[in-house]
Engineer: 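Sharing a structure here in C-alpha cells format.
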Amino acid sequence: MKKYLAVFLMFVMLLFCVPISSSAQNRRPRRHRTFWKKHRDKLTVAGTTVAGAAIGGIAGGKKGAAIGAGAGAGGGAIYTYKLRKRRHRRRY
C-alpha cells in the first residue's frame, strides 16, 4: 500500500511541475517595420547634412558647403538624438 501511495504522490508532484500553457504560444506577432522606421535617425541626419551643404554651397562655395554640411549634421544629430525624444511618446 505504501508503494502505491508513494507512486501516486510522485505523479501528482510531476503534474504540478508540467506547465499548462507555453508562454511562447501567447506572444503577439511582430509587426513589419518599414524602411523609414528602421532608419529614421540616419535619414534625418543625412537630410540635414545635405540641406546644410546646399545652403553653405550657395553662400560660400566649396568651403561654405563643407562648413554647412558639418553644421547641418551637427544640428540634425542634436535634434534626432536629444530633442525629438522629449516630445515623442510611444503607443502600446
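What you see is a predicted model; the values in this text were computed from it and never measured.
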Engineer: For residues 42-74, which residue pairs qualify under ring-ring contact (aromatic ring centres under 6.0 Å, His included), counting only residues two or more places apart or in two chains?
Structural biologist: none

Engineer: Is the side chain of Thr48 donor-acceptor paired with the backbone N or O of Gly72 at a distance under 3.5 Å, no angle test?
Structural biologist: yes

Engineer: Could you tell me if the side chain of Leu43 sits less than 4.5 Å from the side chain of Phe35, heavy atoms only?
Structural biologist: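 Result yes, sub-4.5 Å side-chain heavy-atom pair found.
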
Engineer: Using the side-chain contact (heavy atoms from CB on, under 4.5 Å) rule, take Tyr81 and Asp41 through it: C-alpha gap first, then chi angles, then the decisive distance, then the call.
Structural biologist: CA-CA 8 Å; Tyr81 296 111; Asp41 295 341; 3.6 Å; yes

Engineer: Find the distance between OG1 (Thr44) and CH2 (Trp36) and round it off to the nearest 0.5 Å.
Structural biologist: 4.0 Å

Engineer: What distance do His32 atom NE2 and Lys37 atom NZ have between them, rounded to the nearest 0.5 Å?
Structural biologist: 10.0 Å

Engineer: Can you tell me how far OG1 of Thr80 sits from CZ of Arg40, rounded to the nearest 0.5 angstrom?
Structural biologist: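 Here the interatomic distance stands at 8.5 Å.
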
